[in-house]
Amino acid sequence: MFIRLYVNWWEGREYFIKEFFIARNKQNQGAGRTFLHLADRFLQDQDVACIILATEKHVPAFQFYQNNGFSVLKDSVHMVKRVTHKEKG
């Protein structure tokens with residue numbers, strides 16, 4: 001199932017993968033690779049220029065994505081700002 005989460009960008013339409021998970025007992029059996037291959041074919045027909053996602057460098061998914069054609073953007077950063085909460089009391 002594809003949730004259409006397209007973002008218009010200066011290079012064209014992008015598809016953002018917000019969450020992607022293969023059950024642990026199904027990992028390393030080709031399901032993730034197959035999904036990404038099917039997504040690529042589907043998105044070509046939708047005139048989408050690229051697929052973007054966020055992951056962390058220290059998790060196995062980082063290498064998985066690199067092995068499946070994803071690369072680290074040189075001129076882009078993923079930023080976060082933590083919300084400071086006052087102590088309740």
Side-chain angles (χ1 to χ4, degrees):
M1 174 169 90
F2 291 95
I3 298 172
R4 294 186 182 192
L5 188 52
Y6 301 127
V7 178
N8 291 317
W9 196 243
W10 65 276
E11 289 186 20
R13 292 169 71 197
E14 298 177 340
Y15 181 80
F16 180 70
I17 296 177
K18 184 175 179 180
E19 297 287 334
F20 179 56
F21 179 78
I22 302 296
R24 289 192 189 272
N25 65 338
K26 299 294 183 185
Q27 292 177 3
N28 298 309
Q29 297 177 30
R33 181 175 50 251
T34 298
F35 174 82
L36 291 176
H37 174 73
L38 292 172
D40 195 60
R41 289 177 53 196
F42 175 80
L43 294 170
Q44 286 174 6
D45 292 340
Q46 304 299 310
D47 199 31
V48 172
C50 61
I51 302 170
I52 57 173
L53 58 83
T55 191
E56 297 181 9
K57 290 183 179 180
H58 69 277
V59 298
F62 181 76
Q63 187 66 45
F64 166 79
Y65 290 123
Q66 286 188 316
N67 291 342
N68 284 279
F70 287 80
S71 58
V72 176
L73 294 172
K74 305 283 187 248
D75 297 328
S76 184
V77 293
H78 194 78
M79 300 178 74
V80 62
K81 180 181 184 290
R82 303 274 181 222
V83 176
T84 306
H85 295 272
K86 295 180 183 179
E87 285 188 34
K88 294 179 183 178

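Just so you know, residue 1 is the first one in the sequence shown, and it goes up from there.
The main-chain N or O of F64 is found under 3.5 Å from a side-chain atom of N68 such that the two form a donor-acceptor pair. With hydrogens and angles ignored, the 3.5 Å screen pairs no side-chain donor or acceptor of Q63 with any backbone N or O of V59. A donor-acceptor pair is defined here as one N or O able to donate and one able to accept, closer than 3.5 Å; such a pair exists between the side chain of R13 and the backbone of Q46.
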| request: Please report the C-alpha distance between I22 and T34 in whole Å, then the side-chain angles of each, then the deciding distance to 0.1 Å, and finally whether the side-chain contact (heavy atoms from CB on, under 4.5 Å) criterion is met. | output: CA-CA 11 Å; I22 302 296; T34 298; over 6 Å; no
| field | Stepwise side-chain contact (heavy atoms from CB on, under 4.5 Å) check, F21 with Q27 | value | CA-CA 9 Å; F21 179 78; Q27 292 177 3; 4.0 Å; yes
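M79 and V77 make their closest contact through CG-CG2, 3.6 Å (heavy atoms, listed as atom of the first residue, atom of the second, distance). The two residues T55 and A61 come nearest to each other via the heavy atoms OG1-CB, 3.8 Å. Nearest heavy-atom pair, I51 versus F70, reported as atom, atom and distance to 0.1 Å: O-CE2, 3.7 Å.
Here F62 contributes atom CZ and N67 contributes atom CG; the two are 10.5 Å apart, rounded to the nearest 0.5 Å.
In this structure the side chain of L53 never reaches within 4.5 angstrom of the side chain of F20, judged on heavy atoms.
The environment of CZ in R33 is sparse: at most 12 heavy-atom neighbours from other residues, nucleotides or ligands sit within 6.0 Å.
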